[in-house]
Amino acid sequence: MPETEPRRGFWTKSAAVATAALTLVASACGTDDAAETGAGFEDCLTEPTTCNSGPRAEGGDLVWAVGGQWEAWGQADLYGSSLSTSIVNQPLRPTVFTYDQSGEIHYNDGIYSEGPELLSEAPMTVAYHLKEDTTWGEGTPIGIDDFLWHWKATSTDEAQCAGCTPATDYGSNVASIEEGEDHTIVVTYKDDYLDAEWYAAQVITHPAHIAEARGHTDWRTDPAVMAASVADFSENPPLDYSAGPFKMVEGVLGDYAKYEPNPEWTGSQQSTLDSLTLKYIEGADAMATELRQGTIDGAAPSSFDPEILDQLAGEQDLKFSVAPQSGWSHIDANFDNPFLAEEPLRKAIFTAIDADEVNARAYGSAFADTETMRNVLFRPDSEYFTDQIGDSGLGSGDLDAARAILETAGYTWNGDALLTPAGEPVSLRFRTGIEGEAFNPIIQDLVITYLGDLGVEVTTDPIPNGELNSVLEARDWDLILFSWIETPLFAASALDYWGEGNHTGFQSAEVDAIVAELATTLDRDRAAELNNQAAQISLDESVQLPLAWTPALVMVNKDVVNVRDNWATTMRVFYNVGEWGYLDENAE
């Protein structure tokens, strides 16, 4: 099930937004108290950044299951923008930073000597301080050519990269890239372009000298050759370079990737393993079976059935954890639908749906303390949190209030069937992923019930696995359930969620003005205020109904240490992959 990683200036405009991922799965069956939060990860409740830590033994071959079949190796074009591709490349890709579970940013100290530095606001100019000894894993230093290559690859300009389909428009905002003093690369952006999260842009993806070594010597001057080099990186495994703690030594597309430690890596994440293998295994059930059999050492599936938790709780040699992570689910309305183009119907529908009941009966079966969202951008412990639901009634399940909204707007009923003011029966098509899912069928059945009580005829049309993105792009739905993936980055959320060309068809001059102002400020507090305003406008217009941060599962061999989930990055457990290892039981 393809997902797109939301890293700002890389896969999409905002790290608070992702090309969609279908919601996690669960069944309605109950679980015992021990299984609700897991076993062996109890310290994650109080020490989320250091839990499951311990001294590592030297050596070992760790095998980790991944649940998505990656369809490309590259990281610069749309074809390689899936979350699965990002994960399989995480041990070697040149990230700028990551966030930990407390929301604190950590810059990549294997490539950069310090974090990005803002040199000027007009034009916005940022310096990247490279470590003197940082390389691509085979002796060649990371340098300006790598920045220039990525600029061209993401420029969205045919004169730079002919026929390219970049995963981001980062390059379209760049005016120049130059070498500074002391291993510094200076990126100057176009006039009037500002970004309150300027430090979060991904500035390199692939080594320019490897593009040349693979035969694309004229990438600087020939846009067709540049495009060929992008395709080359997508089509061929990265066996000849690394900018991370591991080097890939074997790989079969969509099947597995085997890594060994990168001897030239100078970052603080230093592996003690002999090898790390990422192996595709379909489904949490199969992952759990192989984990119990000892053929893999861990997995963090994107979906799971809570029945698995009782099985895991009975295994003495395993430990597991369940907790809300980066995905948040919601139900959206398609403004292209003539019924839903009318705000009273949207508001009545989202008032009739009981969000607390939905979350308790679906996600609560996996994590009892699942919270109903009241802000679509910020969690309750954020300094930027505001209660955006308030007394609006959205998600209240108040059928009487919902009917009153419709009556005031001139809707009537013919028996149990809701009629528009023009006398037309209201019918809607609800879509979500069903195959291999269990949360979604529960929510779908509840939505059918709520809307049936309102007099709305609902038909269902399941989204086939892997087709969510195309369904969203075509707006081939009336109501839809899926999840966005969030991180602590949010500055471009208004543009991505509700700006021009958004997936719902919602249009607002107020939101457009907010988006325009966001492009003119470096003040992150102001950016948070503006994004909250845009979110409030969308909720007031009943564009979507937020549900919950969905629970996620991590399960590992009891001897595996330093693996822990991380809500603040789409990489989840992989954020610190260089620190994974086996417990040294003989350490003092």
Side-chain angles (χ1 to χ4, degrees), residues 4-5 7 9-12 70-82 84-96 111 128 130 134-179 185 187 201-244 246-254 257 262 264:
T4 300
E5 184 207 356
R7 188 161 299 232
F10 195 2
W11 306 121
T12 185
W70 56 104
E71 298 178 350
W73 294 106
Q75 295 281 282
D77 65 356
L78 187 63
Y79 305 105
S81 64
S82 73
S84 300
T85 298
S86 302
I87 286 174
V88 82
N89 278 285
Q90 180 65 7
L92 60 72
R93 68 193 186 111
T95 57
V96 175
I111 297 178
Y128 295 86
L130 296 173
T134 186
T135 74
W136 284 105
E138 35 69 282
T140 304
I142 294 175
I144 187 170
D145 280 352
D146 308 311
F147 284 73
L148 294 172
W149 187 93
H150 183 68
W151 176 17
K152 288 178 175 290
T154 60
S155 68
T156 67
D157 182 356
E158 289 286 316
Q160 297 290 336
C161 194
C164 287
T165 54
T168 173
D169 63 354
Y170 159 79
S172 64
N173 298 313
V174 173
S176 67
I177 298 179
E178 300 172 324
E179 280 190 290
I185 307 297
V187 178
Q202 185 71 17
V203 289
I204 53 176
T205 45
H206 299 293
H209 75 284
I210 294 296
E212 295 177 9
R214 293 183 179 184
H216 312 291
T217 54
D218 295 331
W219 65 267
R220 296 174 183 81
T221 57
D222 189 330
V225 173
M226 179 64 209
S229 72
V230 173
D232 193 316
F233 282 122
S234 278
E235 294 166 1
N236 296 292
L239 302 176
D240 43 2
Y241 65 90
S242 172
F246 291 93
K247 296 183 67 172
M248 190 182 296
V249 294
E250 296 178 32
V252 174
L253 192 66
N262 178 3
E264 295 186 13

Where [X] and [Y] come nearest, the two heavy atoms and their spacing:
X	Y	value
A257	V88	CB-CG2, 3.8 Å
A153	A76	CB-CB, 4.1 Å
M248	L239	O-CD2, 3.5 Å
D77	S234	OD1-OG, 2.8 Å
S229	A211	CB-CB, 3.9 Å
G251	P237	O-CG, 4.5 Å

- Query: Any salt bridge (charged side-chain N to carboxylate O under 4.0 Å, His left out) pairs touching residues 142-152, not counting sequence neighbours?
  - Reply: D145-R220
Between [X] (side chain) and [Y] (backbone), is there a donor-acceptor pair under 3.5 Å?
X	Y	value
S84	W70	no
Q90	L92	no
T85	A72	yes
N89	W73	yes
Q202	P94	yes
E158	G163	yes

- Message: Once ring pair (Phe, Tyr, Trp, His ring centres under 6.0 Å) is applied, do any residues pair with H206, and if so which ones, sequence neighbours excluded?
- Response: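 W149, F233.
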Working to the nearest 0.5 angstrom, can you tell me the gap between [X] [atom1] and [Y] [atom2]?
X	Y	atom1	atom2	result
I185	I142	CD1	CD1	10.5 Å
H150	I204	NE2	CD1	9.0 Å
E138	N262	CD	CG	9.5 Å
H209	T217	NE2	OG1	14.5 Å
T156	D169	OG1	CG	6.5 Å
S242	R93	OG	CZ	12.5 Å

- Item | Criterion side chain to side chain contact (heavy atoms under 4.5 Å, CB included) on T205 and Y170, from CA distance to verdict | CA-CA 12 Å; T205 45; Y170 159 79; over 6 Å; no
- Task: Please tell me if the side chains of V174 and F147 come closer than 4.5 Å, counting only heavy atoms from C-beta onward.
- Result: no
- Do W219 and V230 come within less than 4.5 Å of each other through their side chains, counting heavy atoms only?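 SC-SC contact between W219 and V230 ruled out.
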- Task: Just say parallel, tilted or perpendicular for the rings of Y241 and W136, cut-offs at 30° and 60°.
- Result: perpendicular
